[in-house]
Amino acid sequence: MNNTLFDGLNTEQKNAVECMNGASLVIAGAGSGKTRVLTCRIANLLAHNVPAHVILSLTFTNKAAREMKERIAEMVGEDIARNLWMGTFHSVFAKILRFEAHHIGFTSNFTIYDTQDSRSLLGKIISDLKLEKDAYKPAAVQSTISKAKNNLITAQTYSQNTDNHKRDAYNKMPEIHAIYTQYQNRCKKADAMDFDDLLMYTNILFRDNPAVLQKYQKRFQYILVDEYQDTNFSQYLIVKKLAEPQNNVCVVGDDAQSIYSFRGAKIENIFKFSSDYPDSKLFKLEQNYRSTQTIVDAANSLIKKNTKQIPKHTFSEQELGNKISLIEFATDIEEGIGVAREIKNLVADSELYKDIAVLYRTNAQSRILEEALNKLHIPCQIYGGTSFFQRKEIKDILSYVRVCVNPKDEEAISRIINFPTRGIGQTTVQKIVLLAERTNISVWDVISNIELAGDVFNKGTIKRIIEFRELIHSFRKDLSEADAYALLQRIVELSGIYSFLKSDTSIEGKNKFDNMQELLNGAKEFTDEEEDEISLADYLEKIALLTDIDSEDDEFNKVTLMTIHSAKGLEFGHCFIVGLEENLFPSQMSIGRPKDVEEERRLFYVAITRAKMSVHLTYALSRRKWGNLTASTVSRFVEEIDAGFITEKNTSRFSSQPTQESTMFANFTALRKEKSQNDRFAQFKRKQSAAAQSNTSSIPQFEPDNPRDIKSGTWVLHAKFGRGFVESISGTFPDSTAVINFENGEQKRLLLKFAKLKEVS
DNA sequence: ACGTGGAAGGTTTTT
DNA sequence: CCTTCCACGT
């Protein structure tokens, strides 16, 4: 039919694309062109007159969905591609749940609680139930409940099951069932769902409403699932139910890359696909088009050590390539510097920064690496860590929006009821919550009828609560008319957040103020960008389900720093995999549990196979943990790669002189205070406002230098103040300040990161 | 009600 | 090391 569709596909890929009906399992090794197969398969369906809106394609990140949509749009046109249902499980089914919310006792404006929100609620419940908080750690309780939800065990079934009771008693947390039950009640009363609820309630919706299920079964005639090896039971069942009865379901995955079991993912899903769908076809994509032969063979030699696998033989016909280098360092700091130096070497060999990635097991490792790269002036971008939207000031502002959209949102109310402080203290809040509990209404309902509780609160308190209520009411009035940006602007102003942050003159406070501005700019951009009428609820949902990978854009030439988990599905020319030490990678948590070590091994496999050209492994003999130096040994995984693929370089013997080392160390400890750089959203916005500022100035336009490069004792140009002499620089980036004597006679102390200075001779 | 300071406690990985 | 929690003073 459409021959161009199949151009350049190998036989197996072609077969996988061509097969339209029935169930198919595509085992796609790393770099085997699986995204291509998925996009071509969808394009092929469209070419056979399958309407776009009956195709549901579930991806692992929103970014993957966006990119796939773009590629399909190039093939079949934007008008058609836009009608495809494409996104993560969470975002697609959140959308559906909003349509169908009334069936399960929610409104379409329900809030999505993030990990922080749900943990905070759990903490409250634990203290409400008067349980020992030493035994009941919110994080542990949260993960137990999360696991239950991912296996579709509701609070009710959980409470009835004696096995759960036994296990919880063994873990010294016998009351988890009570916490779970109350947690679900509180969430429902708050019209809120956590991430796991999105999937669980989807299952409940389909289970209890056959007509609704039928509607979506009819709508989604073709279902595609990417990264199937990382689906959990809840997701598995959604797919299974929706696909019935035609079972036009195509799942793509690689058992060797299953790395999310901590989140409930079941590698078994991919193992048993063929028995779940007895008529299913199996396609194996075994040729790796991404990496050199050495990389593929080395990765294979590693993954062989795992016991249970779907048999496959992945191979590369690319060049043989360099061996994998292995470098030992004396300390974690030297490891960072060593990696930075190696990157310099690559760049000297005309490689681009953006084709290089540094991958690590834990986010905590990122700082030292970032410092080292900064030190050698290597541009880099960190993904993950505390995201912009999780910062306190941002969450506080967004909590106002959340309360406007859904006043029952208890977590949001408790964040803002006394922020900025308006004389409604802890005791008052506790009383309100207690009253809500006792009368079985929401916290907002109590606030709405606070006048009736004259015996519980004194007059002044009631007055203040009413003021708060009226404030929210005034925002809600504008909800339908004002766009996200306009309302946010009103919120920060009328709530007092604007003046509160403005009056905080500490460097931290300035940072927060700046973040607030960035949030507003981001909202403006969002409202401007979207063609359709966008509600605040949409804005919130977008933010709630955002991943840091989602906001990635490749236009900057920077080295990528990220966890291996985040690197899933990505590829880079050259990969540095750092911290290959026992108890770090494999993680300490996994050691002793063979199943977990296998997952760590798969994680290492994923890391290696991200690279096209070269892989560099590093480890340090000592590493700082909680401020203490701890000795470490090389990871078992390194030795599991066939030695023939590795060349060893030992630099720990050539480490710097003690004196140099100690000064270097001192510098780094000073640098360590550096924070908040790891946020691409913020950086992106900073860039934008920099551009905006230089346009409005009366001084000739100029490109500011990197603020890190500004030295004291030099002449600089400032957009507003003109020429000036840098008297001194103090503090560490990004909080470093410069005292500058300007030619107009003014002396200013400026935060370097905002000052937009350019050195002049 | 609210800010401060000192002590304790906490690290995988993420939608 | 860095964050969070609690007790105390205002």
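In what follows, chains are A, B, ... by sequence order, proteins preceding strands, each numbered from 1. Computation of the quantities below employed the complete heavy-atom set of this structure, encompassing side-chain atoms and omitting hydrogens, waters and symmetry-equivalent molecules.
- If you take NZ of A:Lys568 and P of B:dT14, they are 12 Å apart, rounded to a whole angstrom.
- Checked against the 6.0 Å centroid threshold, A:His565 and A:Phe262 count as a close aromatic pair.
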### Task
Would you sort out whether A:Ser234 and A:Asn151 count as a side chain to side chain donor-acceptor pair (under 3.5 Å), showing the intermediate values?
CA-CA 6 Å; A:Ser234 195; A:Asn151 289 310; over 6 Å; no
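- Among the nucleotides B:dT13, B:dT11, B:dT15, the one closest to any side-chain atom of A:His565 is B:dT13.
- Heavy atoms of A:Phe89 sit nowhere under 4.0 angstrom from any nucleic acid atom.
- Phosphate contact (OP1/OP2 of B:dT13, side-chain N/O of A:Asn363, threshold under 4.0 Å): present.
- Summarising the geometry, the separation between OH on A:Tyr136 and C1' on B:dG9 is reported as 20 Å, rounded to the nearest angstrom.
- A:Thr111 and A:Asp409 share a side-chain donor-acceptor pair at under 3.5 Å.
- The residue A:Ser587 sits close to a base: some heavy atom pair falls under 4.0 Å.
- Distances shown here put a side-chain N or O of A:Thr563 below 4.0 Å from the OP1 or OP2 atom of B:dT14.
- Each of A:Lys625 and A:Thr88 has a nearest nucleotide on DNA chain B; the 5'-most of these lies closest to A:Lys625.
- Of all nucleotides listed (B:dT11, B:dA1, B:dT15), B:dA1 comes nearest to the side chain of A:Thr428.
- A heavy-atom distance below 4.5 Å is not found between the side chains of A:Val578 and A:Leu359.
- If you check residues 190-197 of chain A against DNA chain B, the residues with a heavy atom closer than 4.0 Å are A:Phe195, listed by number.
- Rounded to an integer number of Å, the gap from CD of A:Glu371 to C1' of C:dC1 is 12 Å.
- If you check every strand for non-hydrogen atoms under 4.0 Å, A:Ser91 touches nothing.
- Protein atom CD of A:Gln257 is 20 Å distant from nucleotide atom P of B:dT13, rounded to whole Å.
- Of the side-chain N and O atoms in A:Asn232, none sit less than 4.0 angstrom from OP1 or OP2 of B:dT15.
- Aromatic ring orientation, A:Phe106 versus A:Phe110: perpendicular (interplanar angle above 60°, classes split at 30° and 60°).
- Mapped onto DNA chain B by nearest heavy atom, A:Ala139 and A:Ala544 fall at different nucleotides, with A:Ala139 at the one closer to the 5' end.
- Between A:Phe500 and A:Phe419, the distance from one ring center to the other falls under 6.0 angstrom.
- Here A:Thr427 lies in heavy-atom contact (under 4.0 Å) with sugar-phosphate atoms only.
- Between A:Ser587 and A:Ser590, the side chains place no donor N or O within less than 3.5 Å of an acceptor N or O (distance only, hydrogens not considered).
- Heavy atoms of A:Lys137 sit under 4.0 angstrom from primed sugar atoms or phosphate atoms, though from no base atom.
- A donor and an acceptor atom, one from each side chain of A:Glu411 and A:Ser120, are located under 3.5 Å apart.
- Rounded to whole Å, atom C1' of C:dC2 lies 8 Å from atom CZ of A:Arg367.
- We find that the ring of A:Phe262 and the base of B:dT13 stack, their centres lying under 5.5 angstrom apart and their planes tilted less than 30°.
- Using a 30° and 60° split on the angle between ring planes, A:Phe604 and A:Phe637 fall in the parallel class, below 30°.
- Between the CD atom of A:Glu227 and the C1' atom of B:dT14 there is a distance of 14 Å, given to the nearest Å.
- At whole-Å resolution of the value, CG in A:Leu198 and P in B:dT15 are 13 Å apart.
- If you take atom C1' in C:dC6 and the same atom in B:dT11, they sit 23 Å apart, rounded to whole Å.
- Dashed line: the shortest gap from a side-chain N or O of A:Asn418 to OP1 or OP2 of B:dC2 is under 4.0 Å.
- Proximity of A:Ser566 to the phosphate of B:dT14: a side-chain N or O atom is located under 4.0 Å from OP1 or OP2.
- Rounded to whole Å, atom P of B:dT11 lies 19 Å from atom OH of A:Tyr360.
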